[in-house]
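One-based numbering along the sequence shown. Below, each value reflects all heavy atoms present in this structure, side chains not excepted, and no hydrogens, waters or symmetry copies. These numbers were taken from a predicted model, which means no experiment stands behind them.
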Amino acid sequence: MVETDGLRLRRAVKEDVERLWEICRGQTAEEFCLWGADLVYEYPPRLEQMRRRFEALSGDVVLFAAECGGQVVGFAEIGEMDPARRSGVLARVLLEKGQRGKGRGKELVNLVLDQAAKVLGLEEVKLIVYAGNLRAQRCYETCGFVRGEALLRPGRADAWWMRADLRGRRGDGQPIHPSRNDG
């Protein structure tokens, strides 16, 4: 378990799935797709489907739950872990609406990246972000991600690959930016 002044991060347990569903069920189809939920869940979300997916998670996927004030307010996943390359993919970063616009997204992503580096032993994390999701892109850049190649997929919105080098994580929920002398 890892904490900052606002969020506490831990591995999700099966009892958290109902909270994940509660956060999701009020979303529009567009909101649901923005965080990649449509790649693993049907819309509208169904609790039983979410429970089945959680139970089927393999060892190369870790679902994290973020708490604030003792209540789960968000989730994030690290998956597609490759031990040989020491890499993984950050996916399905989700915060309840009341937690957005307060810096909680950056806090959540930084906590997950710290866990990816320290606990999972990863040196690199990639993610896919929709080209039109500028708010998420800014969040990820603040957390140390650098935009890479475009991802053009028929029938889906254009997106970008982004990559974060975790070898320079300070361990306090903040990345070391190569352009600043703060490490």
Side-chain angles (χ1 to χ4, degrees), residues 1-24 27 31 34-37 40-41 45 50-51 53-83 86-129 133 135-145 162-177 182-183:
M1 182 179 340
V2 180
E3 293 185 56
T4 62
D5 290 335
L7 290 182
R8 184 176 141 230
L9 187 75
R10 60 175 173 74
R11 284 189 184 219
V13 295
K14 68 180 180 179
E15 291 79 16
D16 293 325
V17 176
E18 189 165 344
R19 182 67 180 132
L20 172 62
W21 175 71
E22 288 171 358
I23 294 171
C24 295
Q27 294 182 323
E31 291 170 322
L34 273 179
W35 60 279
V40 295
Y41 304 117
M50 292 181 155
R51 284 184 176 141
R53 180 172 186 270
F54 181 81
E55 290 168 3
L57 289 178
S58 64
D60 73 335
V61 178
V62 176
L63 178 64
F64 293 99
E67 295 180 352
C68 185
Q71 180 173 348
V72 175
V73 297
F75 294 89
E77 246 177 56
I78 293 280
E80 298 182 40
M81 288 187 271
D82 182 339
R86 300 188 71 183
S87 66
V89 175
L90 176 63
R92 284 166 279 294
V93 177
L94 170 69
L95 279 172
E96 69 176 22
K97 283 184 182 177
Q99 296 295 318
R100 296 180 199 155
K102 301 176 180 181
R104 295 279 194 238
K106 293 179 199 94
E107 199 175 343
L108 173 57
V109 170
N110 276 318
L111 287 171
V112 170
L113 293 178
D114 281 351
Q115 289 297 291
K118 291 178 184 54
V119 176
L120 303 175
L122 302 182
E123 293 181 353
E124 176 185 77
V125 169
K126 294 180 183 179
L127 61 80
I128 296 171
V129 62
N133 195 348
R135 178 185 242 180
Q137 288 178 45
R138 284 190 300 273
C139 171
Y140 296 136
E141 287 169 350
T142 300
C143 296
F145 281 88
M162 296 186 84
R163 174 191 172 280
D165 184 343
L166 304 186
R167 292 174 290 184
R169 299 293 298 181
R170 296 190 312 211
D172 60 359
Q174 298 296 318
I176 294 176
H177 290 276
D182 61 355

Counting only heavy atoms not in Arg100 (residues, nucleotides, ligands), do more than 12 fall under 6.0 Å from its CZ? yes
Sequence-distant partners of Glu18, side-chain hydrogen bond (donor to acceptor under 3.5 Å, both in side chains), two or more places apart: none
Non-hydrogen atoms of Cys24 and Trp35 that approach each other most closely: SG-CZ2, 3.2 Å
The criterion is salt bridge (Lys or Arg N to Asp or Glu O under 4.0 Å); which residues satisfy it with Arg86, sequence neighbours excluded? Glu123
Taking salt bridge (Lys or Arg N to Asp or Glu O under 4.0 Å) as the test, write out the residues that go with Glu77, two or more places apart. Arg53, Arg92
Correct closest heavy-atom pair for Gly6 and Arg104 would be CA-NH1, 3.4 Å
Side chain proximity check, Val73 to Leu7, heavy atoms < 4.5 angstrom: yes
Exercise: identify the closest heavy-atom pair between Arg51 and Val17: N-CG1, 3.6 Å
Distance col, row Leu127:CG vs Arg163:CZ, nearest 0.5 angstrom, shows 11.5 Å
Partners passing side chain to side chain contact (heavy atoms under 4.5 Å, CB included) against Arg11 (at least two apart in sequence or in another chain): Val62, Phe64, Val119, Leu120
State, to 0.1 Å, how close Ala116 and Ile78 come at their nearest heavy-atom pair, and which atoms those are. CB-CD1, 4.2 Å
Leu122 and Ser87: which non-hydrogen atoms are nearest, and at how many Å? CD2-O, 3.6 Å
Those residues that, when tested against Lys97, pass salt bridge (Lys or Arg N to Asp or Glu O under 4.0 Å) (two or more places apart): Glu31
Nearest 0.5 angstrom please: Met162 CE to Cys143 SG, how far? 9.5 Å
Heavy-atom pair of closest approach, residues Ile23 and Gly74: CD1-N, 4.3 Å
Side-chain heavy atoms of Leu108 within contact of Leu111, under 4.5 Å: no
Ionic contact status for Glu22 with Arg19, cut-off 4.0 Å: yes
Taking atom CD of Glu96 and atom SG of Cys68, what is their separation to the nearest 0.5 Å? 8.5 Å
Glu80 meets the salt bridge (Lys or Arg N to Asp or Glu O under 4.0 Å) criterion, sequence neighbours left out, with none
What verdict does the side chain to side chain contact (heavy atoms under 4.5 Å, CB included) test give for Asn110 and Arg169, after you've listed the backbone C-alpha separation in whole Å, the side-chain angles of each residue and the deciding distance to 0.1 Å? CA-CA 9 Å; Asn110 276 318; Arg169 299 293 298 181; 3.0 Å; yes
Do Met50 and Pro45 come close enough that some side-chain heavy atom pair is under 4.5 Å? yes
Below 4.5 Å, heavy atoms only, C-beta onward: do Leu94 and Gln27 meet side chain to side chain? yes
Spatial distance of atom CG (Asn133) from atom CD1 (Ile128) [nearest 0.5 Å]: 13.0 Å
So Tyr140 and Phe145, would you call those rings parallel, tilted or perpendicular, with 30° and 60° as cut-offs? perpendicular
Would you check, one step at a time, whether the test side chain to side chain contact (heavy atoms under 4.5 Å, CB included) holds for Asp16 with Arg10? CA-CA 11 Å; Asp16 293 325; Arg10 60 175 173 74; 2.7 Å; yes
